[in-house]
Every structure is written in structure tokens, then in C-alpha cells.
Amino acid sequence: MKNMVSTRHTYQKIAHAIREQIKSGDLEAGDRIPSLSTIEQEYGVSYATAQAAVALLKAWGTVEARQGSGTYVRPAAPVVEIMSCILVA
């Protein structure tokens with residue numbers, strides 16, 4: 001069986017790298033994440049790959065887009081909210 005990390009797509013690796021920047025405190029709630037063009041340049045990927053990475057971060061609830069402004073780190077959900085979602089589901 002292959003190692004799961006080695007089978008990740010490039011956009012997943014980028015999303016995980018940005019999420020690690022958030023976990024480590026390099027990016028905090030309210031901070032703007034790098035633009036799509038910056039992600040393209042820093043990671044040497046296509047615009048579509050950069051979009052896919054940001055879309056994954058949005059799907060995780062890690063970031064939110066603000067019309068005409070950029071994409072920002074969302075505040076962490078309180079533990080109570082997370083637990084209530086688990087209990088309801």
C-alpha cells in the first residue's frame with residue numbers, strides 16, 4: 001500500500017502547507033493568505049492548481065473569500081460549536 005502523503009495531489013500539498021502556516025501562527029485569524037498569483041509563483045504551479053488549493057481551504061472552513069478584497073484566515077470555531085455539530089449528526 002502506498003504512503004498517503006506521497007499520493008497527495010499538488011493542490012492538496014499547497015493547501016496543507018498553508019494550513020500549517022496557520023497552525024504555526026505564521027498566519028492568524030483575519031490575515032490575508034497569499035493571492036492566487038503569489039501561490040502560482042511561490043509553488044511554481046498553474047492558476048488552476050492555485051485555485052484548487054484555495055478551494056480546498058475554503059471547503060475545510062479554514063479561509064473565507066471577501067469580494068474584491070482577497071481570502072482571509074477564518075477564526076477558529078469554538079469547541080462548543082464543534083461538539084454540538086458532532087452530537088447533532
Side-chain angles (χ1 to χ4, degrees):
M1 181 176 241
K2 290 184 178 181
N3 182 343
M4 292 298 289
V5 174
S6 65
T7 60
R8 282 188 187 154
H9 294 282
T10 302
Y11 75 93
Q12 292 170 319
K13 291 176 185 177
I14 295 167
H16 281 275
I18 294 171
R19 191 165 66 173
E20 284 304 313
Q21 291 177 358
I22 295 166
K23 285 182 179 180
S24 71
D26 290 337
L27 289 171
E28 298 178 346
D31 286 349
R32 186 173 178 207
I33 68 167
S35 67
L36 294 175
S37 61
T38 300
I39 292 171
E40 278 183 277
Q41 293 171 358
E42 286 183 8
Y43 292 93
V45 297
S46 69
Y47 189 80
T49 299
Q51 279 184 309
V54 173
L56 185 55
L57 289 165
K58 289 177 189 175
W60 290 336
T62 305
V63 299
E64 62 186 359
R66 297 182 191 162
Q67 186 72 26
S69 178
T71 305
Y72 294 82
V73 178
R74 292 183 65 189
V79 174
V80 174
E81 281 187 36
I82 294 170
M83 293 303 294
S84 66
C85 291
I86 293 170
L87 295 174
V88 170

Using only atom types and a distance under 3.5 Å, with no angle test, would you say the side chain of S24 pairs donor to acceptor with the backbone of Q21?
yes
ILVMFWY network linking L57 to L36, side-chain heavy atoms under 4.5 angstrom:
yes
Identify the heavy atoms of A53 and A15 that sit nearest to each other, and give their distance.
O-CB, 3.7 Å
If I compare all heavy atoms of V73 with all of E28, which pair ends up nearest, and what's the gap?
CB-O, 3.3 Å
Rounded to the nearest 0.5 Å, the NZ atom of K23 sits from the OG1 atom of T62 at a distance of 8.5 Å
Calculate, to the nearest 0.5 Å, the distance between atoms CZ and CG belonging to R32 and L27 respectively.
12.0 Å
What's the spacing between Y72 OH and E64 CD if we round to 0.5 Å?
10.0 Å
For the side chain of Q12 and the backbone of H9, is there at least one donor-acceptor N/O pair under 3.5 Å apart?
yes
For A50 and I39, work out which heavy atoms get closest and say how close.
CB-CG2, 3.7 Å
Please give me the minimum heavy-atom distance between A29 and P75, naming the atom from each residue.
CB-CA, 3.7 Å
Separation between NE2 of H16 and CG of L56, rounded to the nearest 0.5 Å:
6.5 Å
Using 0.5 Å steps for rounding, measure from the CD atom of E42 to the CD1 atom of I18.
8.5 Å
Any chain of hydrophobic side-chain contacts (each under 4.5 Å) joining I33 to Y43?
yes
